**Q** 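Pasting in a structure now, in structure tokens, and then I'll have a few things to ask.
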Amino acid sequence: MPYTTNDIKNIESKWQKFWDDRRIFHVQIDPMIPKYYVLEMFPYPSGKIHMGHVRNYTIADVIARYKMMRGFNVLHPIGYDAFGQPAENAAIKNKTSPAQWTGRCISQMHDELKKMGFSYDWDRELSTCDAEYYKWNQWVFIKMFERGLAYKKASSVNWCPDCETTLANEEVINGACWRCKTTVVQKDLEQWYLKITQYAPSLLEDLKKLEQWPSRVRAMQENWIGKSYGVEIHFKVKDFAETISVFTTRPDTIFGATYVVLAPEHPLVKKLTAGTSQEKEVTGFIEKAANKSKSFRMSGDQRKEGVFIGRFAVNPVNGEDIPIFIGDYVLMEYGTGAIMAVPTHDQRDFEFAKHHKLPMRIVIEDPKNPSASVEEMGQAYEEAGQLINSGAFDRISNEEAKNKIAEWMQVRGLGKISIHWRLRDWLISRQRYWGTPIPMIYCASCGIVPVPYEQLPVELPKDVKITGEGGSPLAGVRAFVECSCPKCGKPARRETDTMATFFDSSWYFLRFCSAHHIEEIFDKKDVKYWMPVDQYIGGIEHAILHLLYARFFTKFLKDLELLDTDEPFIRLLTQGMVLKDGEVMSKSRGNTVDPDEVLSQYGADTLRLFILFAAPPEDQLEWNSDGLEGAWRFLNRVYQMVEKRYQQPAVLKPKGEESQKKDDADASLERERNNSVKRVTQSFEEGYKFNTAISHLMVLANAVDKYKVDNGNAAKQNLLNQAIETLVLLLAPFVPHVAEEMWQMMGKNEATIARVAWPSFDENALKTSTIVIAVQVNGRIRAQIQVTPDKPPEELRRICLADQGVAKYVQESAIKKFIVVPNKLVSIVV
RNA sequence: GGGCGGGUGGCGGAAUAGGUAUACGCGCAGGACUUAAAAUCCUGUGACCGUAAGGUCAUGAGGGUUCAAUUCCCUCCCCGCCCACCA
């Protein structure tokens, strides 16, 4: 059990109150001061904060406090992503309402965040479940609707049977619901979508601007958006007035296309099979395919099933009749829902063709095996090579042929050069209660009509019985559903679905700029000043979902001319996970450490210091209670230093004529002090390596410990004071409570250390009068010599040879090379 | 299958425009203080040989370039994360 006479953890609540009472971290726009916007991904208010939150917010807080000391006007807000299904479940379980439950969680969370000493501007605290916030969700939605970016369509959608609601593609992880892990099924439903695909090109292109994002997040988004260049090729159906369009990235293989495959859901299938002998078999296959979940169909290397549909298509480049199949390995969601199959050069087609004994033709020559025949192929040849069996294109490299054939086909009207995207539109309606009502009205005569702006917000009724049965609980609230059409005034019905909560979090960073603005979604001048977010911090799990949606909203709002920036987050830091015993700390594993317990035992500063010291922010962090103890020890040591060794300058009485000349110990302390400032500053400016920053603070503390002051030696005491002051200032962003306390103990005038200027350093003080140079002979260290800096090589050579340790291995006449790395090392080769 | 990270003491981790590997912390061992313990302080701590001086070997494995490689190049192994029948 940690214990000292002046318990450093008991001072924390005092300083928290001080910051609060004086609104130290409240900020306003000030064009004269450079701004800095630090933001962490706001929490879902589950009530208690966990170590992941603590780590995330501590990193953010340290950056915010550092920037404040550097003179920036720092916006550092917090809020709650308060809508969502867990509140419904908790409300049922605890016999309360989601609103009450969430309210209680928020106030609990609020208190816990305060206990961590984070430098938030609490005046901007917001919750997405407040009507003053979600009103603007509805406003954005209508703006999107007016521009055709929000639309309703019937489609096969992802459905979680457990949550009883639809899910966006981004919310389906390996075929399972991201929240409850239940296997997702497909349902045909009419749902609301946002046309994020319209922004696919700029979402992809602008990733290039995000140089300060981790490359893997950019790569993940790039893959998710998935741009492919290719050709849409038109295959005429033989003896039938229809054309099948396929998309391919491999037009170079068109001469090897020996059959066509449609997705079972392809709209042409029914038309083409009607009346053929294959109709029954095809219908049976479609039913079978429909019963398989999408995740099963997409889960890789199973046998490729399919049936011939009884008709043929014509290969446009050579006029061949080729059979048309339907196959479950072709997905309706991608491309045109139809493919041309080139079994010799695509492994999937190869497997399918083998299984169904379909013809093949090699059209790209394997340079290692130019005489290969179809019969002896064990797998598709997917590498590069020259074209063969391809008419006029023979002997052209296939890379070159891609463009040539594409252009040739386009000129002849056989195909169209085109780009396809993997990104799908974003399904945002949810059949749940605890969310933003979608502000739409259905009128029998006018159709779908948006709620007029002046009627916003469409408030979520409070007195709704939640059963957990799903299926739009709002549909059962007559007072909510029944309304009149804004256009014709006749009785009409409200939309009863609510918005996915990712809608709420796609623009909250803008709302923070003027958190409680009433007239508009936000105050344009505030947003102009604060945006973009300079530093965003959060978990990698949001690499696709939230970060993509937020970028989409930013681009949309810019198109509405409400914003100047087209990217919301300049710099992104994804913090690593917190582990215990080598496993991710999680409730389900039962290996969590409750931050509350650590707080009551050690206080926030110790917790903050440990978390920052144990690993670089982006790496995994292994929880270690001994390490926590170490952080506690260090803080106490520094506290004792201030208490016992610091003397207030007023008390300090210079005695007699003390020598102004600095001795070695003085120079050494000065060097460490300046070096610490340099290194800690560097760690903030170059990549946030807080672990090494703290290690340098420990080095400085060690130097202070070692430094002796003769009783009453004012010059030395001054030097010591200076070193301690610097140490306290450098510590301030990391351990704000103790730093405030120590600053006050030192009798400083500033109200808060949070606004004291960050210390600077003197490069000259880092120099030493003598340096130690390592001497290598044939690559091995054989001696250390002490010399004055910047010795010329000739002199070094003389000194080295005079050194006994060197002389043992070197005779002057045998020296082949003499290499000098200035002020570091000498390397002699004999 | 594709992409992105990583492999350094007993542990968390330092150090890469090539230049004294193991900073800082934890742990461990010994000592001081104490009736005793805790706390605190001091000393030591990569491995091996040696009383010591000193020497040899060590950054996943193996090669290469170099006076010099954790850092650069080649081959391979292992771990983590993300994506994946994407046409």
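All figures in this text were calculated on a predicted structure; none of them were measured in a lab. When reading the values below, keep in mind they use all heavy atoms of this one structure, side chains included, and skip hydrogens, waters and symmetry mates.
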**Q** Tabulate below the donor-acceptor pairs under 3.5 Å that side-chain atoms of residues 779-790 of chain A make, not counting sequence neighbours, or state none.
**A**
residue, atom, partner, partner atom, Å
R782(A), NH1, Y809(A), OH, 3.0
T788(A), OG1, K791(A), NZ, 3.3
D790(A), OD1, N823(A), ND2, 2.9

**Q** Would you say the side-chain atoms of Y602(A) and E629(A) include a donor-acceptor pair closer than 3.5 Å?
**A**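 The criterion, which ignores hydrogens and geometry beyond distance, is satisfied for E629(A) and Y602(A).
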
**Q** Nearest whole angstrom, please: distance from the P of G6(B) to the CE of M577(A).
**A**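 Nearest whole value for this atom pair: 17 Å.
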
**Q** Over how many whole Å does the gap from D626(A) atom CG to C28(B) atom C1' extend?
**A** 11 Å

**Q** Rounded to whole angstrom, note down the P distance from U34(B) over to C49(B).
**A** 39 Å

**Q** Does either side chain, that of R608(A) or that of T58(A), offer a donor lying less than 3.5 Å from an acceptor on the other one?
**A**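 Checked: R608(A)/T58(A) side chains show no N/O donor-acceptor pair below 3.5 Å.
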
**Q** Hunt down the Watson-Crick or G-U wobble partner of G30(B), both distances under 3.5 Å, from any strand shown, or write none.
**A** C42(B)

**Q** Taking U20(B) as the reference, what is the distance to C74(B) when you measure between their C1' atoms (whole Å, please)?
**A** 29 Å

**Q** In whole Å, what is the span from the CE atom of M220(A) to the P atom of G2(B)?
**A** 19 Å

**Q** Using purine N1 to pyrimidine N3 plus N6-O4 or O6-N4 for Watson-Crick, or N1-O2 and O6-N3 for G-U wobble, each under 3.5 Å, what pairs with G18(B)?
**A** none

**Q** How do I544(A) and S215(A) order along RNA chain B: which one's closest nucleotide is nearer the 5' end?
**A** S215(A)

**Q** With both distances under 3.5 Å as the test, what is the Watson-Crick or G-U wobble partner of U71(B)?
**A** none

**Q** Select from R637(A) and A338(A) the residue whose nearest nucleotide in RNA chain B is closer to the 5' end of that strand.
**A** R637(A)

**Q** Partners of E399(A) by side-chain contact (heavy atoms from CB on, under 4.5 Å), sequence neighbours excluded?
**A**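 S397(A), K402(A).
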
**Q** Between U8(B) and G46(B), how far apart are the two C1' atoms, rounded to whole Å?
**A** 10 Å

**Q** Atom pairs under 3.5 Å, N or O on each side, protein against nucleotides 54-56 of chain B: can you list them with distances?
**A**
residue, atom, partner, partner atom, Å
G55(B), OP1, R782(A), NH1, 3.2
G55(B), OP1, Y809(A), OH, 3.1

**Q** Ignoring the backbone of Q784(A), work out which of U20(B), A87(B), A84(B) is nearest its side chain.
**A**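 Nearest nucleotide to the side chain: U20(B).
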
**Q** Taking the P atom in each of U51(B) and A39(B), what is the distance between them to the nearest angstrom?
**A**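 Rounded to whole Å, the distance is 36 Å.
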
**Q** From A87(B), A84(B), C67(B), pick the nucleotide closest to the side chain of R348(A)?
**A** A87(B)

**Q** Could you give the distance separating C79(B) and C28(B) at their P atoms, to the nearest angstrom?
**A** 32 Å

**Q** With sequence neighbours excluded, what pairs up with V584(A) under the side-chain contact (heavy atoms from CB on, under 4.5 Å) test?
**A** M577(A), L579(A), R589(A)

**Q** Hey, does V772(A) reach any base, or is it just sugar-phosphate, or nothing, if we go heavy atoms under 4.0 Å?
**A**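 Base contact - V772(A) has a heavy atom under 4.0 Å of at least one base atom.
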
**Q** For the residue pair R797(A) and F818(A), would you count it as a cation-pi contact if the rule is NZ or CZ under 6.0 angstrom from the ring centre and within 45 degrees of the ring axis?
**A**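 Here R797(A) passes the 6.0 Å and 45° test against F818(A).
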
**Q** I828(A) has an atom CD1; how far is it from atom P of U20(B), in whole Å?
**A** 16 Å

**Q** Donor-acceptor pairs are to be reported for all side-chain atoms of residues 692-703 of chain A against protein atoms at under 3.5 Å, with residues two or more places apart or in another chain.
**A**
residue, atom, partner, partner atom, Å
T692(A), OG1, K689(A), O, 2.9
S695(A), OG, T692(A), O, 2.7
H696(A), ND1, T692(A), O, 3.0
N702(A), OD1, R637(A), NH2, 2.8
N702(A), ND2, M698(A), O, 3.4

**Q** In chain order, what residues pass the side chain to side chain donor-acceptor pair (under 3.5 Å) check against Y707(A), with sequence neighbours excluded?
**A** D666(A)

**Q** Just the atom pairs and distances: protein N or O near nucleotides 45-47 of chain B's N or O, under 3.5 Å.
**A**
none

**Q** To the nearest Å, how far apart are E382(A) CD and C85(B) C1'?
**A** 12 Å

**Q** Could you work out, with salt bridge (Lys or Arg N to Asp or Glu O under 4.0 Å) as the rule, every residue matching R551(A), not counting sequence neighbours?
**A** E567(A)

**Q** Rounded to the nearest Å, what distance is computed from the CG atom of residue D705(A) to the C1' atom of nucleotide U43(B)?
**A**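 Atom-to-atom, D705(A) to U43(B), this comes out as 15 Å.
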
**Q** Between atom NE2 in H542(A) and atom P in C83(B), what is the gap in whole Å?
**A**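 Rounded to whole Å, this separation is 13 Å.
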
**Q** Closer than 4.0 Å, any side-chain N/O of R422(A) to the OP1 or OP2 of A84(B)?
**A**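 Answer yes for this pair, as a side-chain N or O of R422(A) is under 4.0 Å from OP1 or OP2.
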
**Q** For the C1' atoms, the ones on C67(B) and on C83(B), what distance do you get once it is rounded to whole angstrom?
**A**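 Result for the C1' pair: 47 Å, nearest Å.
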
**Q** What does nucleotides 12-19 of chain B look like as a protein-contact string, B for base, S for sugar-phosphate only, - for none, at under 4.0 angstrom between heavy atoms?
**A** BSS----B

**Q** Just call it for N702(A): base, sugar-phosphate, or nothing, with non-hydrogen atoms closer than 4.0 Å on any strand.
**A** sugar-phosphate

**Q** For a ring pair (Phe, Tyr, Trp, His ring centres under 6.0 Å) check, start with the C-alpha distance between F734(A) and F684(A), then their side-chain angles and the critical distance, and finish with the verdict.
**A** CA-CA 12 Å; F734(A) 303 99; F684(A) 275 108; 5.6 Å; yes

**Q** Within this structure, what is the CZ-to-P distance between F235(A) and A87(B), rounded to whole angstrom?
**A**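 Atom CZ in F235(A) sits about 16 Å away from atom P in A87(B).
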
**Q** Please work out if N223(A) contacts a base, only the sugar-phosphate, or nothing of the nucleic acid, heavy-atom cut-off 4.0 Å.
**A** nothing

**Q** My understanding is that only residues two or more places apart in sequence, or in another chain, count here; which of them pass side-chain contact (heavy atoms from CB on, under 4.5 Å) with R216(A)?
**A**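 Result, side-chain contact (heavy atoms from CB on, under 4.5 Å) vs R216(A): I540(A).
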
**Q** Could I get the full list of side-chain contact (heavy atoms from CB on, under 4.5 Å) partners for S245(A), not counting sequence neighbours?
**A**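 For S245(A), the residues satisfying side-chain contact (heavy atoms from CB on, under 4.5 Å) (neighbours in sequence not counted) are E232(A), H234(A), T336(A).
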
**Q** With a 3.5 angstrom cut-off on both distances, give the Watson-Crick or G-U wobble partner of G80(B), or none if there isn't one.
**A**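 Its partner is C4(B) (Watson-Crick or G-U wobble, both distances under 3.5 Å).
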
**Q** Can you check the distance between U70(B) and A53(B), where both ends of the measurement are the C1' atom (answer in whole Å)?
**A** 30 Å

**Q** According to the Watson-Crick and G-U wobble definitions, with both distances under 3.5 Å, which nucleotide is paired to C86(B)?
**A**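 Paired with C86(B), as far as the under-3.5 Å criterion goes, is no nucleotide at all.
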
**Q** Should the pair F325(A) and Y259(A) be assigned to parallel (<30°), tilted (30 to 60°) or perpendicular (>60°) ring geometry?
**A**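 Plane angle over 60°, so perpendicular.
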
**Q** Given the ring of W224(A), does R422(A) sit roughly above its face, with NZ or CZ under 6.0 Å from the centre of the six-membered ring and within 45° of the axis?
**A**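 Judged by the rule (NZ or CZ under 6.0 Å from the ring centre, within 45° of its axis), R422(A) counts as positioned above W224(A).
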
**Q** Considering residues at least two apart in sequence or located in another chain, which fulfil the side chain to side chain donor-acceptor pair (under 3.5 Å) criterion with R424(A)?
**A** none

**Q** Determine the contact category for S228(A): base if any of its heavy atoms lies under 4.0 Å from a base atom, sugar-phosphate if only primed atoms, P, OP1 or OP2 are that close, otherwise nothing.
**A**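 The residue S228(A) makes sugar-phosphate contact but no base contact.
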
**Q** Tell me the partner of A52(B), counting only Watson-Crick (N1-N3 plus N6-O4 or O6-N4) or G-U wobble (N1-O2 and O6-N3) with both under 3.5 Å; none if nothing fits.
**A**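 Its partner is none (no Watson-Crick or G-U wobble pair with both distances under 3.5 Å).
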
**Q** Using the purine O4'-C1'-N9-C4 or pyrimidine O4'-C1'-N1-C2 torsion, is G9(B) syn (within 90° of 0) or anti?
**A** syn

**Q** Sticking with atom P, work out how far U43(B) lies from U56(B), rounded to a whole angstrom.
**A** 30 Å

